[in-house]
Amino acid sequence: MNKHLLLALTLCASLHGYGQKMHQLASPDGNIQVSINISDKIYYDIVCQKDTLLKQCNLQMQLGDEEAGNHPKLIKANRKSINESLKPIIALKHSTVSNKYNQLQLKFKGDYSVEFRAFDDGIAYRFITNKKGMIEVGNEIFQVNFPENYLLHMQQPGGFKTAYEEEYRHVQSQEWKATGSMALLPLLIDTRKDYKILISESALTDYPALFLKSNDRNGMLSVFPKVPLEFGEDGDRSLKILKEANYIAKTNGQRCFPWRYFVITKDDGQLIENTMTYKLADKNVLEDTSWIKPGLASWEWWNGATPYGQDVDFVAGCNLDTYKYFIDFAAHYGIPYIIMDEGWAKSTRDPYTPNPKVDLHELIRYGKEKNVGIVLWLTWLAVENNFDLFETFEKWGVKGIKIDFMDRSDQWMVNYYERVAKEAAKHHLFIDFHGSFKPSGLEYKYPNVLSYEGVRGMEQMGGCRPDNSVYFPFIRNAVGPMDYTPGAMLSMQPEIYRSERPNSASIGTRAYQMALFVLFESGIQMMADNPTLYYRNDECTRFITQVPQTWDKTIALAAKVGEYAIVAKRKGDKWFIGGMTNNQEQQREFELDTDFLKEGQTYRMTSFEDGKNANRQAMDYRKNERTLKKGDKISIRLARNGGFAAIIESFNN
């Protein structure tokens, strides 16, 4: 039936001339359709299996004095189908990605086109212009209308100055008012018809990030930060915007603009497995990527750089002895990096003069001897004011840079990200963006961009709760890498939570913290806690340090937005399982299928599970071992704010 529907739609398009008002595009499996109506504007509806999910949506772009999409005159319509396999350089979900879609490009009078793609898991579109010289984009209209009252899961910042760390709010679409706070991307829609729609963007370059506000008609409308023209002093890590242009971008007139996409599914697990950002991103531009090495990193900031105990015979802090201790710890467990956060340099403004107590060059030498690389933290302003530091850091032997406090996503700042990625790649340095907006494809164009923060992570201490974090696999991490900084060894339930550096703790069980290393995707995954506690919890640490950062396969075993996520991931011939849940009153129980295992092979599963008392004492966990074969069931129990973590290995390993 789906094949007949697709054939009918294709024949319909071929029988009508280019002057037709309606154009339809179906996904390869025929389940998702976008209907484009060209009249006074360009409108589109998105339908899934006869259910209209989005209705009378509108797209438009103000290009100088012209309104692309206002009274459009269609010149030509081109269709094509693509079925290919892609292999990401940094494979956070799958080492091979199927890229199968049908495409419709509509070319209009005025030297612009709109290109739609229909995938089996969603719809995407973008503007393309073919104009001479530079153009000013006054605005872009991305308007989405809901046929019914939908539930929106979204972050709502107070303005464009944001690090994307707001908690999720859960808002009825009819109750969201134009006078209320705007929302940032990604945003998840629950249609209440069993469908979920994840909205985000990809191939964001030389253009501002997209935000959304209510249109007061049960829908959403785009809003963008303007181009900043003048800056003023604002401390050691930022600048004030003193003057803005009346346009959102000034850019080349011959270009493709960012993709706006909708991942559409009835299966919540498909949100976790999706790779839409990658499929739409600009392709890798680096000729040599062999030097880019994802991995774990030991991080000192969250735990206050204070190892202690019988083997610590020095005063801990931001000094040479402490960082050598961190390097020794990393070497002991095969952790490839340590991150040196604020304090390694004498001044946050000067990246060339290390803190004399640290002796950076000795640490780089010592780390090289131990096969542990050094990653340095900097403010974005220090980088901008000293752009030759990439060459200097390469000569020193630094492996990567963590750049912080951008907190903006206007065109200037989006271009800053790309300038940094490009210059860092020239000097074989990877980048971890903190104080950042969400990933939007740059990490595939420049694979040395290993991660972005842009998330309410563990540095928020008591403000980082499983009730909020359980949305990340479905929303934030569903669009790209996420530097959440997991790995707490002090675990508490929320009603008794107390924490302050250096005795930092997390909300959630011990098994929950271990599961995050499997669930959360990041090319550079930080181990946030104190080496002292990792040594004391050796069996947990040995599991964490076995978990890869890149994967061959990702399968959601059980998933429900806002409640639980249980995922199996394969690297080589080993499987890992990570599960998390929210602060529900009762424990959750699951019977997991093992159809992902090979037929006829016997496996050993080592698991870390919530203990019987984990509902009250979050530190309680049990380590268990059992044999498995394909078809066996795995019974697991998740305490409130609980988790499950396991490694499955064949007996031949």
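Side-chain atoms are counted along with the backbone in the values below, which use heavy atoms only and exclude waters and symmetry mates.
Heavy atoms from other residues, nucleotides or ligands lying under 6.0 Å from NZ of K266 number more than 12. Heavy-atom contacts from other residues, nucleotides or ligands closer than 6.0 Å to CZ of R622 number more than 12. Within a 6.0 Å sphere centred on NZ of K193, other residues, nucleotides and ligands contribute more than 12 heavy atoms. Within 6.0 Å of the NZ atom in K41, the count of heavy atoms belonging to other residues, nucleotides or ligands exceeds 12. No more than 12 heavy atoms of other residues, nucleotides or ligands lie within 6.0 Å of NZ in K560, so this atom counts as exposed by the packing criterion.
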**Request:** Evaluate the side chain to side chain contact (heavy atoms under 4.5 Å, CB included) criterion for residues I199 and M220: first the C-alpha distance (whole Å), next the side-chain angles of each, then the deciding distance (0.1 Å), finally the verdict.
**Result:** CA-CA 11 Å; I199 299 179; M220 303 184 298; 3.7 Å; yes
**Request:** Take T277 and Y261, measure what side-chain hydrogen bond (donor to acceptor under 3.5 Å, both in side chains) needs, and give me the verdict at the end.
**Result:** CA-CA 8 Å; T277 301; Y261 73 71; 2.7 Å; yes
**Request:** List the steps, then state whether ring-ring contact (aromatic ring centres under 6.0 Å, His included) holds for F543 with F608.
**Result:** CA-CA 9 Å; F543 172 83; F608 295 80; 5.3 Å; yes
**Asked** Does the side-chain hydrogen bond (donor to acceptor under 3.5 Å, both in side chains) test come out yes or no for Q493 and N641, once each step is laid out?
**Response** CA-CA 7 Å; Q493 292 290 3; N641 302 304; 2.8 Å; yes
**Asked** Checking side chain to side chain contact (heavy atoms under 4.5 Å, CB included) for the pair T485/E453: CA distance, chi angles, key distance, verdict?
**Response** CA-CA 9 Å; T485 67; E453 188 185 26; over 6 Å; no
**Working for ring-ring contact (aromatic ring centres under 6.0 Å, His included), residues Y564 and F590** = CA-CA 11 Å; Y564 54 84; F590 299 89; 4.8 Å; yes
**Prompt:** Checking side-chain hydrogen bond (donor to acceptor under 3.5 Å, both in side chains) for the pair E140/S222: CA distance, chi angles, key distance, verdict?
**Reply:** CA-CA 7 Å; E140 179 190 345; S222 56; over 6 Å; no
**Request:** Quick one: do E201 and R260 satisfy salt bridge (Lys or Arg N to Asp or Glu O under 4.0 Å)? Show the steps, please.
**Result:** CA-CA 5 Å; E201 59 186 339; R260 283 69 182 86; 2.8 Å; yes
**Message:** With ring-ring contact (aromatic ring centres under 6.0 Å, His included) as the criterion, how do F211 and F224 come out once you've worked through the C-alpha distance, each side chain's angles and the decisive distance to 0.1 Å?
**Reply:** CA-CA 6 Å; F211 292 75; F224 296 88; 8.3 Å; no
**Request:** Please step through side chain to side chain contact (heavy atoms under 4.5 Å, CB included) for the pair T509 and F644, ending with a clear verdict.
**Result:** CA-CA 10 Å; T509 68; F644 175 89; over 6 Å; no
**Message:** Is there a side chain to side chain contact (heavy atoms under 4.5 Å, CB included) between D552 and K569? Walk through the geometry before answering.
**Reply:** CA-CA 7 Å; D552 295 322; K569 296 184 177 183; over 6 Å; no
**Prompt:** When you look at D610 and Y621, which way does the side-chain hydrogen bond (donor to acceptor under 3.5 Å, both in side chains) test go after all the steps?
**Reply:** CA-CA 5 Å; D610 292 325; Y621 75 92; over 6 Å; no
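F472 and Y484 have perpendicular rings, their planes meeting at more than 60° on a 0 to 90° scale where under 30° would count as parallel. Relative orientation of the H153 and H170 rings is perpendicular, given thresholds of 30° and 60° on the angle between their planes.
Between E273 and K553 there is no salt bridge, since none of the side-chain N atoms of the basic residue sits less than 4.0 Å from a carboxylate O of the acidic one.
Side-chain contact annotation: Q549 with Q525, donor-acceptor N/O pair under 3.5 Å absent. A donor and an acceptor atom, one from each side chain of D45 and T52, are nowhere located under 3.5 Å apart. If you check the side chains of N215 and N145, you find a donor sitting under 3.5 Å from an acceptor. Using modelled atom types, one finds a donor on one side chain and an acceptor on the other under 3.5 Å when comparing Q513 with S506. A side-chain donor-acceptor contact under 3.5 Å links Q587 and E589. No donor-acceptor contact under 3.5 angstrom links the side chains of T275 and K93, judged on distance only. For the residue pair R117 / N99, no side-chain donor-acceptor distance below 3.5 Å is found, with atom types taken as modelled. Side-chain atoms of Y452 and E443 include a donor-acceptor pair closer than 3.5 Å. Inspection of the T550 and K571 side chains reveals an N or O donor paired with an N or O acceptor under 3.5 Å. Residues Q270 and T265 bring a donor and an acceptor atom of their side chains to less than 3.5 Å of each other. Side-chain atoms of Q172 and N149 form a donor-acceptor pair, as typed in the model, at a separation below 3.5 Å. Counting only N and O atoms by type, the side chains of N218 and S173 include a donor and acceptor under 3.5 Å apart.
The shortest distance between side-chain heavy atoms of R640 and T581 does not fall below 4.5 Å. At a threshold of 4.5 Å between non-hydrogen side-chain atoms, the residues V455 and D483 do not count as touching. In this structure, the side chains of R588 and E563 come closer than 4.5 Å at one or more pairs of heavy atoms. S35 is not listed as a side-chain neighbour of Y44, based on a closest heavy-atom distance of 4.5 Å or more. Residues I82 and K100 form no side-chain contact, since every pair of their non-hydrogen atoms from C-beta on lies 4.5 Å or further apart. Side-chain contact between L212 and M182 is absent, with no heavy-atom pair separated by less than 4.5 Å. Counting only heavy atoms from C-beta outward, the side chains of R79 and Q103 never approach each other to under 4.5 Å. Residues I555 and W575 form a side-chain contact, since some pair of their non-hydrogen atoms from C-beta on lies under 4.5 Å apart.
In terms of the side chain to side chain donor-acceptor pair (under 3.5 Å) criterion, K55 has no residue partners (sequence neighbours excluded). For V114, the side chain to side chain contact (heavy atoms under 4.5 Å, CB included) partners are I42, L59, F108, F116, Y125, F127, not counting sequence neighbours.
A side-chain contact (heavy atoms from CB on, under 4.5 Å) with S451 holds for exactly one of P439, P481, S436, P294; it is P481.
Closest heavy-atom contact between P88 and Y278: N-OH, 3.1 Å. Between A559 and D268, the shortest heavy-atom contact is O-CB, 3.6 Å. Between S27 and F119 the shortest heavy-atom distance is CB-O, 3.0 Å. Residue Y497 comes nearest to M492 through the heavy atom pair CA-SD, 3.8 Å, listed as atom of the first residue, atom of the second, then distance. Residues S409 and V414 come closest through the heavy atom pair O-CG2, 3.6 Å. Nearest approach of E166 to P157, heavy atoms of both residues: OE2-CB, 3.4 Å.
Distance check, rounded to the nearest 0.5 Å: CD of Q33 to CD of Q24 gives 7.5 Å.
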